[in-house]
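First up is the structure itself, then whatever we jot down about it.
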Amino acid sequence: MQILSIASEAFPLIKTGGLADVAGALPFALAEHACRVVTLLPGYPTVMRAIETAGADVEVLPLDTVLGAPARILAVDLAGLKLFVLDMPTLYDRLGGPYTDAGGHDFGDNWMRFAALSKAGAMIAQGAVPGFLPDIVHVHDWQAALTPVYLAASNRPRPKTVLTIHNLAFQGNYPSAIFPQLELPAATWSIEGVEYYGNVGYLKGGLHACDVVTTVSPTYAKEIVTEGSGMGLDGLLRGRGSRLVGIVNGIDTRVWDPASDPALAANYSARELKPRIHNKRALEGEFGLRRENGPILAVVSRLTWQKGLDLVAEVCDELVERGVRLVVVGSGEAMIEGTFQAAHSRHPDRVGVRIGYDEELSHRVQAGADAILIPSRFEPCGLTQLYGLRYGCIPVVAKVGGLADTVVDANYAAVSAEAATGVIFTPPDRASLLEAVDRTLGLYEEARVWRRMQAAAMKADVSWTKSARLYAGLYSDLMKE
Ligand SMILES: Nc1ncnc2c1ncn2[C@@H]1O[C@H](COP(=O)(O)OP(=O)(O)O[C@H]2O[C@H](CO)[C@@H](O)[C@H](O)[C@H]2O)[C@@H](O)[C@H]1O
């Protein structure tokens, strides 16, 4: 099967969050199921530089103008991924990140940048690149969600389409004034098309037009059809019935492997856990933490309301009172960043804070901390708890979305059966979080129980194996329709 995947980021070329991890790892797992995936990415400067640095062979393929501007497709193999890169310097060759300028503000023309990505994807899906015709088009999030809309609106043969929701909070809604520039037929300005309460809704349009909607965990698939968690799209999603499927994310177990990870001070495994302590000592050094025997709790995350990190920021003093040391790596809302920094000033050798994004450091934190706090208010899947499991960094998570699907709570029965892999709490509020921390500290005190939990966590299957099989099955069912 030939799959065209369309995403606005893919690890290791460009990453701001979990979408990149999934778009970068799933193609490898799907290869085991005879799916050949080519991923279409925008030609951001980092992507173009990576191509140049690697000295990779680039095939340049002409493309008709995309939304009125000249464009071309580069076909290249990079970091093991087969890529199409949409080279449109007017849209992508600029300073900043994939979505924001150097000051962190959204680019004003993101509607055009990602409509162009979607439109180019639709053109490729219908044979614009000689010799390439996909069986399935798999698009990710609002940035690629217009591809199924363009395809459904065309009267030429088209492949079947799958749209994956990684986070319903980001929908790509824009004023109606942009509609004429999207080059969509007038009929798509409708309730079955992209019209969304008088605006243009990219995700909304895609959710209607695609053949199957998937999201990244079974529990999130159930949550988003409810009014409380559907973010305005629950009615539409309910209407899709069995065409909405939850498939839990895996992780790239080659990149995330404590036994061989080059970022660590010492490698270790479920069988040989002892060297893990060297990573803890190294983490204490790196963050200037007081060296002692108590636990280190960690946060590696966007510092946002979604992730519930205002809750952690507010209880830093209580954590310190309990003898906990805390390490925070992340960036996001200024209030939360400031609260963590203030906690660091009050407790410089107990609360270590690194504001920013650092991929290697995130590996060292998972290897050196004892537990990772993930008190998300909603979480489609979550990957940091999976990294935590793999690295024996016990996840302490809110009972939502994929967190509930991937962690086994250390209740009495699970601990007795040596099946517990973490601590789950609900609701995501300050009191429950502190209770969960107390429970975690109690488990940590019992060294044998803790070691067994670490071993169970590290043995949990967090790979893509099962889920890649589900995606491959979904694709082949669609092809038979
Ligand atoms: N400061 C920092 N330095 C280094 N690394 C950092 C970092 N901050 C975050 N990261 C990394 O970014 C990724 C975040 O992935 P998540 O799945 O936890 O959340 P995200 O909300 O981005 O993804 C959305 O999409 C994914 C993929 O489907 C879903 O799992 C998730 O629930 C959904 O919200 C992880 O790889 C994490 O290690």
Side-chain angles (χ1 to χ4, degrees), residues 5 7-12 14-26 97-99 138-144 163-171 203 214-221 223-224 229 231 246-253 255-256 261 263 286 298-309 327-333 336-337 340 352-367 369 372-391 393 395 397-398 400-407 462 464 467 471:
S5 166
S8 55
E9 40 185 287
F11 183 85
I14 174 89
K15 169 169 169 180
T16 68
L19 164 62
D21 289 346
V22 173
L26 187 53
Y99 319 116
H138 186 166
V139 305
H140 298 271
D141 274 351
W142 73 267
Q143 292 92 342
L163 190 166
T164 296
I165 303 169
H166 294 267
N167 193 339
L168 201 55
F170 302 106
Q171 301 186 355
L203 184 64
T214 73
T215 190
V216 289
S217 70
T219 294
Y220 193 58
E223 290 170 350
I224 57 180
S229 303
M231 304 206 162
I247 301 179
V248 75
N249 285 334
I251 62 170
D252 190 330
T253 48
V255 174
W256 291 88
D261 190 332
E286 190 160 0
V299 165
V300 178
S301 183
R302 288 188 285 119
L303 302 179
T304 62
W305 183 89
Q306 175 203 335
K307 301 289 183 184
L309 290 169
V327 159
V328 178
V329 180
S331 62
E333 290 163 20
I336 305 180
E337 289 183 1
F340 276 125
V353 178
R354 196 68 55 83
I355 300 299
Y357 190 93
D358 186 332
E359 190 72 27
E360 281 198 2
L361 179 58
S362 75
H363 287 233
R364 294 197 294 275
V365 170
Q366 296 277 15
I372 183 148
L373 299 177
I374 314 176
S376 304
R377 292 189 168 89
F378 68 94
E379 194 61 76
C381 178
L383 296 173
T384 46
Q385 83 280 13
L386 303 182
Y387 299 137
L389 291 171
R390 178 98 169 130
Y391 278 58
C393 182
V397 305
V400 292
L403 299 174
D405 289 342
T406 54
V407 175
V462 290
W464 270 107
S467 297
Y471 276 115

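Please read these numbers as outputs of a predicted model, since none were measured by experiment. The figures that follow rest on heavy atoms only: side chains count, while hydrogens, waters and symmetry mates do not. Remember, it's 1-based here, ligands and their atoms both numbered in the order they're listed. We count residues from 1, following the sequence as given.
Counted within 6.0 Å of CD on Glu359, heavy atoms from surrounding residues, nucleotides or ligands total more than 12; the atom is thus considered enclosed.
Considering only heavy atoms from C-beta on, Leu163 comes within 4.5 Å of Leu203 through its side chain. Residues Val216 and Thr164 meet the side-chain proximity criterion, which asks for heavy atoms closer than 4.5 Å. Within the 4.5 Å cutoff, side-chain heavy atoms of Asp21 are placed close to those of Lys15. Side-chain contact between Glu379 and Tyr220: absent, with no pair of heavy atoms (C-beta onward) separated by less than 4.5 Å. By the 4.5 Å heavy-atom criterion applied to side chains, Cys381 and Val248 are counted as neighbours. In this structure the side chain of Ile336 never reaches within 4.5 angstrom of the side chain of Lys307, judged on heavy atoms. Side-chain contact between Arg302 and Thr16 is absent, with no heavy atoms from C-beta onward closer than 4.5 Å.
By heavy-atom distance, the residue among Gly18, Gly382, Gly402 lying nearest atom 29 (C) of ligand 1 is Gly382. When Leu303, Leu403, Leu383 are ranked by how near their heavy atoms come to atom 16 (P) of ligand 1, first place goes to Leu383. Which of Glu360, Gln306, Lys307 comes nearest to atom 19 (O) of ligand 1 through a heavy atom is settled by distance: it is Lys307.
Less than 4.0 angstrom separates some heavy atom of Val329 from each of these atoms of ligand 1: 1 (N), 3 (N). Distances below 4.0 Å separate heavy atoms of Asn167 from the following atoms of ligand 1: 34 (O). Proximity to Gly330 (heavy-atom distance under 4.0 Å) selects the following atoms of ligand 1: 1 (N). In summary, the atoms of ligand 1 found under 4.0 Å from a heavy atom of Arg302, numbered by their order in the structure, are 8 (N), 20 (P), 21 (O), 22 (O). Residue Val22 has at least one heavy-atom neighbour below 4.0 Å for each of these atoms of ligand 1: 27 (C), 28 (O). Contact atoms of ligand 1 toward His166: 24 (C), 25 (O), 27 (C), 28 (O), 33 (C), 34 (O) (distance under 4.0 Å to a heavy atom of the residue). Near Gly356, meaning under 4.0 Å from any of its heavy atoms, are these atoms of ligand 1: 1 (N), 2 (C). Per-residue contacts place Ser362 under 4.0 angstrom from the following atoms of ligand 1 (heavy atoms of the residue considered): 4 (C), 5 (N).
Among all protein heavy atoms, the one lying closest to atom 3 (N) of ligand 1 is Asp358 N, 3.0 Å. When only non-hydrogen protein atoms are considered, atom 9 (C) of ligand 1 lies nearest to Ser301 CA, 3.9 Å. Atom 37 (C) of ligand 1 has its closest protein heavy atom at Thr384 CG2, 3.6 Å. Looking only at protein heavy atoms, the nearest one to atom 36 (O) of ligand 1 is Asp21 OD2, 2.6 Å. Counting only heavy atoms of the protein, atom 2 (C) of ligand 1 lies nearest to Tyr357 CD1, 3.5 Å. Nearest protein heavy-atom neighbour of atom 34 (O) of ligand 1: Glu379 OE2, 3.3 Å.
Taking the six-membered ring wherever Trp is involved, the centroid distance between the rings of Trp142 and Phe170 does not fall below 6.0 Å.
At least one N or O atom of Lys15 sits closer than 3.5 Å to an N or O atom of ligand 1. For a threshold of 3.5 Å applied to N or O pairs, the pair formed by Trp256 and ligand 1 contains no separation below that value. Between Ser331 and ligand 1, a contact under 3.5 Å exists for no N or O pair.
Proximity of Tyr387 to ligand 1 is established by a heavy-atom distance of less than 4.0 Å.
Taking the six-membered ring where the residue is Trp, His363 and Trp256 present parallel rings, their angle staying beneath 30° rather than reaching 60°.
Minimum interatomic distance between Val300 and Thr384 (heavy atoms only, all atoms of both residues): O-CG2, 3.5 Å.
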- What's the verdict on side-chain contact (heavy atoms from CB on, under 4.5 Å) for Tyr391 and Ile372, showing C-alpha distance, side-chain angles and the deciding distance? CA-CA 11 Å; Tyr391 278 58; Ile372 183 148; over 6 Å; no
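Residue contacts with ligand 1 for Asn249 involve side-chain atoms from C-beta outward but no N, CA, C or O (heavy atoms, distance under 4.0 Å).
For the 3.5 Å distance criterion, the side chains of His140 and Ser8 fail to qualify, holding no donor opposite an acceptor.
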